[in-house]
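Notes for the one structure printed next.
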Amino acid sequence: MPKQKITYEMIEPLIVHQEIEGRRIFLEFALPGSDEVHEVNGSIRQGRDVGSRVRKRMTMVARNQARRSATMAIRGAVGGGVAGRMSTMAVSTAAREARPGDGPTKKEIRESIEMLFEKVAKFFHWNPETEEWEKPGVPPPPPPKSPFEKQIETNPIADAHDKNIFARVMAELAYADGQVSPEESELFKAIIPADQPPLDQLAKSDPVSSIEAQEVTEGVKGTIYMFAWTIAIIDLALDPVEEELLFEYGDVFNIPEPQRDELIKNAKYFVLEKNIDPDIPREELFQIAAKINLSNDDAERCRIAFKRRIGNS
């Protein structure tokens with residue numbers, strides 16, 4: 001029996017987020033009602049018309065995707081889940097129509113989605129009798145977890161005291177430069193647990209003391225510290241005031257320097273991965289890495305580990 005061709009019309013119900021700029025597309029697929037999200041991105045078509053203007057917009061979209069991925073990871077670590085976020089964002093963030101001569105056609109977009117879906121198709125099963133998507137009978141083994149993911153899985157932020165300290169650290173970081181942009185406000189609202197006070201109220205709290213930090217569950221100290229670094233560099237820029245505050249947190253939480261360095265590297269690797277393709281040219285890789293103060297050697301190591309995990313070595 002010939003294998004059924006997967007069409008865009010079949011895939012569309014699985015798309016919980018898609019974003020397009022220029023010739024770049026970012027997608028998230030999930031079964032309806034499921035929190036298990038599968039991300040994929042790629043070029044719609046590598047034409048010679050991809051100029052610096054389009055590349056700049058592509059970079060902006062990559063940053064948006066990095067912010068979304070960080071939000072999902074943090075919400076998962078504090079028990080927030082992602083189903084509600086998807087239901088509100090799936091329609092509003094649908095691909096924008098390209099202006100004439102400035103992007104791919106609707107047909108090209110759909111064909112690209114069909115091709116990119118093949119990268120995650122093993123996580124879904126089409127039932128021809130019900131004409132609906134299901135989980136595969138024998139789910140494929142999950143890809144190896146990154147050190148960033150292992151830290152979250154091993155040390156989620158579940159205790160009430162730990163959540164409060166995390167929320168206050170996020171609020172202090174948000175107001176580190178004295179102001180919060182609308183985009184930053186939305187980001188912090190998304191990651192602060194629902195059972196915590198709002199951002200502006202948290203910002204008026206006392207700074208986290210050494211005693212309060214000592215009472216945080218031991219492994220969770222690292223998760224909070226790693227998340228703080230992630231949020232500080234998620235836009236590929238690190239404010240000197242924020243950087244100074246981050247190092248102060250390392251002292252407040254009494255995290256040994258070798259562990260501190262590893263947690264910072266985990267955060268930087270996570271952010272770099274969300275801003276690159278596995279086959280990005282080395283020069284571009286180094287340019288992005290430099291924005292988060294990551295050495296060229298570590299940037300290459302990050303890419304190699306990334307490719308190994310996704311089976312593209």
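What's counted below: heavy atoms across the whole structure, side chains too, no hydrogens, waters or symmetry copies. Counting from 1, the numbers follow the sequence of the chain as shown. Just so it is clear, the model here is predicted, and its values are computed rather than measured.
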Can you tell me how far apart OG1 (Thr230) and CG (Asn266) are? Round to the nearest 0.5 Å. 8.5 Å
Out of curiosity, Ile113 CD1 to Glu118 CD, how far, rounded to the nearest 0.5 Å? 13.0 Å
Which ring pair (Phe, Tyr, Trp, His ring centres under 6.0 Å) pairs, counting each pair once, include a residue from residues 264-296, with sequence neighbours left out? Phe148-Phe270
Without swapping roles, check the side chain of Asn275 against the backbone of Val271 for a donor-acceptor pair under 3.5 Å. yes
Find out whether Val169 and Glu172 are in side-chain contact, i.e. whether some heavy atom of one side chain is under 4.5 Å from a heavy atom of the other. no
Path from Ile6 to Leu31 over hydrophobic side-chain contacts below 4.5 Å: yes
Nearest non-hydrogen partners of His161 and Asp159, listed with the distance: N-OD2, 2.9 Å
Any side-chain heavy atom of Ile224 within less than 4.5 Å of one from Val216? yes
Side-chain heavy-atom pair Ile304, Arg308 within 4.5 angstrom cut-off: yes
Candidate pair Asn127 and Glu134, rule side-chain hydrogen bond (donor to acceptor under 3.5 Å, both in side chains), full reasoning: CA-CA 7 Å; Asn127 186 328; Glu134 306 169 344; 2.8 Å; yes
Within the distance-only criterion (no hydrogens, no angle test), does the side chain of Ser112 pair as donor or acceptor with the backbone N or O of Glu108 below 3.5 angstrom? no
Does Phe29 have its ring centroid less than 6.0 Å away from the ring centroid of Trp133? no
Below 6.0 angstrom between ring centroids: does that apply to Tyr8 and Phe117? no
Regarding Asp251 and Arg260, does a basic nitrogen lie under 4.0 Å from an acidic carboxylate oxygen? yes
Listed by chain and number, what are the side chain to side chain contact (heavy atoms under 4.5 Å, CB included) partners of Asp261, not counting sequence neighbours? Glu257
Between Glu28 and Ile15, does a side chain to side chain contact (heavy atoms under 4.5 Å, CB included) hold up when you go through it step by step? CA-CA 6 Å; Glu28 290 175 5; Ile15 302 172; over 6 Å; no
For the pair Asp279 and Lys307, find out whether any cationic side-chain nitrogen is under 4.0 Å from an anionic carboxylate oxygen. yes
Set out, in order, the CA-CA distance, both residues' side-chain angles and the distance that settles side-chain hydrogen bond (donor to acceptor under 3.5 Å, both in side chains) for Asp162 and Thr217, then state yes or no. CA-CA 7 Å; Asp162 297 351; Thr217 306; 2.7 Å; yes
Treating Glu262 as the side-chain partner and Pro147 as the backbone partner, does any N or O pair qualify as donor plus acceptor under 3.5 Å? no
Test side chain to side chain contact (heavy atoms under 4.5 Å, CB included) applied to His125 and Lys135, step by step: CA-CA 6 Å; His125 171 69; Lys135 280 192 173 184; over 6 Å; no
Do Met72 and Glu39 come close enough that some side-chain heavy atom pair is under 4.5 Å? yes
Which label fits Phe123 and His38: parallel for a plane angle under 30°, tilted from 30 to 60°, or perpendicular past 60°? parallel
As an exercise, state the distance from CH2 of Trp229 to CD1 of Ile234, rounded to the nearest 0.5 Å. 13.5 Å
For Glu283, look at atom CD and say whether over 12 heavy atoms of other residues, nucleotides or ligands are found less than 6.0 Å away. no
In short, Leu238 meets Ala232 closest at the heavy-atom pair CD1-CB, 3.9 Å
Yes or no on side chain to side chain contact (heavy atoms under 4.5 Å, CB included) for Leu263 and Gln259, after CA distance, side-chain angles and deciding distance? CA-CA 6 Å; Leu263 292 165; Gln259 183 188 1; 4.0 Å; yes
Sub-4.5 Å side-chain heavy-atom contact between Glu131 and Met10: no
Between Ala158 and Lys163 the two heavy atoms that sit nearest each other are O-CE, 3.8 Å
Please report, to 0.1 Å, the donor-acceptor pairs under 3.5 Å made by any side chain of residues 183-197, with sequence neighbours excluded.
from, atom 1, to, atom 2, distance (Å)
Glu183, OE1, Ser181, OG, 3.4
Glu184, OE1, Ser181, N, 2.9
Glu184, OE1, Ser181, OG, 3.4
Gln196, OE1, Asn164, ND2, 3.0

Whether Glu114 and Arg110 form a salt bridge (side-chain N of Lys/Arg under 4.0 Å from carboxylate O of Asp/Glu) is what I want to check. no
Leu202 backbone acceptor or donor facing Ser205 side chain under 3.5 Å: yes
Donor-acceptor under 3.5 Å (Lys221 side chain, Ile255 main chain): no
Smallest separation among heavy atoms of Tyr225 and Gly250, with atom names: CE1-N, 3.4 Å
Please report the interatomic distance NZ(Lys150) to CD1(Ile152), rounded to the nearest 0.5 Å. 13.0 Å
Could you check whether any side-chain heavy atom of Glu212 comes within less than 4.5 Å of a side-chain heavy atom of Arg168, counting everything from C-beta outward? yes
For a quick test of reading the model, state the closest non-hydrogen atom pair linking Ala299 to Ala289 and the distance between them. CB-CB, 3.6 Å
CD1 of Ile288 to NZ of Lys274: how many Å apart, nearest 0.5 Å? 14.0 Å
Would Ile292 end up clustered with Phe247 when hydrophobic side chains under 4.5 Å apart are linked, directly or stepwise? yes
With side chains defined as the heavy atoms from C-beta onward, is the minimum distance between Arg303 and Ile280 less than 4.5 Å? yes
Given side chains that start at C-beta, do those of Tyr175 and Leu199 come closer than 4.5 Å, heavy atoms only? yes
In Å and rounded to the nearest 0.5 Å, what is the CD to CD1 distance from Glu243 to Ile233? 10.5 Å
